[in-house]
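Okay, so here's the structure we're looking at.
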Amino acid sequence: MKTTVELPKYHELSDAELKQWTPEEFTQKIIDKSTQFAEAFYHVSNWEKVNLDEEEKKQNLVKFCSRIGWREFYLGVHPPSKQIVLLESNPEDIGIRIRLAQQIIDEVKHQRIWGKWAKKYGGSSRIQDYEVEPDVLKQFQLTSDYDDPTKIAINLQLTSEVTLPFLLGYGTLSPEENITAQIMPEDLRKGIRKEVVDDEPRHIAVGRDIMIKYCGEDADKRRALLELHNTRLQNTMILQSNEVNLLGAERTTPFPNI
């Protein structure tokens, strides 16, 4: 049996260790852990392809596209809107707020793109026709149920936006290493690259800047953010595992230990 990948346990560090990082270093640790998670989670050696008949493939692709389209709108529009409001009191944050507004524009575009793909595979392009599943709803709640822009950022821009390219067959893994690059229809994978995947770096960047500016040096706050990051990664593991299953692969090794 393949050994379980162990991710860094930053939340277990002492107060002094957590405080010694600069805000930039602290934020980069979060991004790096999200990337390490995605690299371990999506590596092709951890999955086995399954044969699906053509009708099941089409039905699964409709659900796959509808799930992501719903998340693009509800996670990509509502939480950044909340971040804009939460940052309203500081005039110096106008640049960040404008970039968050651009993220909202991008996410509306993404939802429409995923709707078109769902329709192509025989489903509905209407976001309201998707019956939200529990793992998808929980991901939304983890993103939106906070009145702190850093808590939204750690859930959205620094986790979801980092892992999504891997789910779509991109990220730091090569196509030969990434399971979804192996099983996703090539027209879909290539079709969403320019209008979806290529927007993600600027979304990560605005979350990074929010975290750097507002994470502070208080150990308690940093530990709380790291614990929240772990919770988000746990649900992401469930959520995206369900989506890899829809594309036609089953996990054959233990999940990363978060």
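- Inspection of the D145 and Q141 side chains reveals no N or O donor paired with an N or O acceptor under 3.5 Å.
- Under the 3.5 Å distance criterion, with hydrogens and angles disregarded, a donor-acceptor pair is assigned to the side chains of S34 and H229.
- Note that OG1 of T4 is 6.5 Å distant from CG of N257, once rounded to the nearest 0.5 Å.
- Atoms CD and CG, on Q240 and L233 in that order, are 9.5 Å from each other to the nearest 0.5 Å.
- Residue E176 holds its CD atom at 10.5 Å from NE2 of H43, rounded to the nearest 0.5 Å.
- The backbone N or O of A40 lies less than 3.5 Å from a partner atom in the side chain of N46, making a donor-acceptor pair.
- In this structure, R251 contributes its side chain and F41 its backbone to a donor-acceptor pair below 3.5 Å.
- Enclosure of atom NZ in K138 is not indicated, since only 12 or fewer non-hydrogen atoms of other residues, nucleotides or ligands lie within 6.0 angstrom.
- Contact check on E243 versus R71 returns a salt bridge, with a Lys/Arg side-chain nitrogen under 4.0 Å from an Asp/Glu carboxylate oxygen.
- Ring geometry, Y10 versus W21: the interplanar angle exceeds 60°, so the pair is classed perpendicular (tilted spans 30 to 60°).
- Heavy atoms from other residues, nucleotides or ligands lying under 6.0 Å from CD of E250 number 12 at most.
- For the pair K151 and D148, the salt-bridge criterion is not met [side-chain N within less than 4.0 Å of a carboxylate O].
- Hydrophobic clustering, with ILVMFWY side chains joined whenever heavy atoms are under 4.5 angstrom apart, groups I31 together with L228.
- In this structure, I104 CD1 and H78 NE2 are separated by 10.0 Å, a value rounded to the nearest 0.5 Å.
- Connection of F140 to I152 is not established within any shared hydrophobic cluster, with ILVMFWY side chains joined at heavy-atom distances below 4.5 Å, either directly or through further cluster members.
- Salt bridge annotation for R223-D15: present, with a cationic side-chain nitrogen under 4.0 angstrom from a carboxylate oxygen.
- In terms of modelled atom types and a separation under 3.5 Å, the side chain of T35 and the main chain of V162 share no donor-acceptor contact.
- In terms of modelled atom types and a separation under 3.5 Å, the side chain of K82 and the main chain of Y146 share a donor-acceptor contact.
- The pair K109-E195 fails the salt-bridge criterion, with no side-chain N (NZ, NE, NH1 or NH2) lying under 4.0 Å from an Asp/Glu carboxylate O.
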Could you walk me through whether F73 and H110 pass the ring-ring contact (aromatic ring centres under 6.0 Å, His included) test, one step at a time? CA-CA 8 Å; F73 181 76; H110 295 175; over 10 Å; no
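- Note: I212 CD1 to T150 OG1 = 12.5 Å, rounded to the nearest 0.5 Å.
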Which pairs would a plain distance check flag for residues 83-101, meaning a side-chain donor or acceptor within less than 3.5 Å of a matching protein atom at least two apart in sequence or in another chain?
residue: Q83; atom: OE1; partner: Q157; partner atom: NE2; Å: 2.9
residue: Q83; atom: NE2; partner: P149; partner atom: O; Å: 3.2
residue: Q83; atom: NE2; partner: Q157; partner atom: OE1; Å: 3.3
residue: N90; atom: OD1; partner: E92; partner atom: N; Å: 3.0
residue: N90; atom: ND2; partner: Y214; partner atom: OH; Å: 3.3
residue: D93; atom: OD1; partner: K213; partner atom: NZ; Å: 2.6
residue: D93; atom: OD2; partner: Y214; partner atom: OH; Å: 2.4
residue: R97; atom: NH1; partner: L87; partner atom: O; Å: 3.2
residue: R97; atom: NH1; partner: N90; partner atom: O; Å: 3.3
residue: R99; atom: NH1; partner: D209; partner atom: OD2; Å: 2.8
residue: R99; atom: NH2; partner: A205; partner atom: O; Å: 3.4
residue: R99; atom: NH2; partner: D209; partner atom: OD2; Å: 3.1

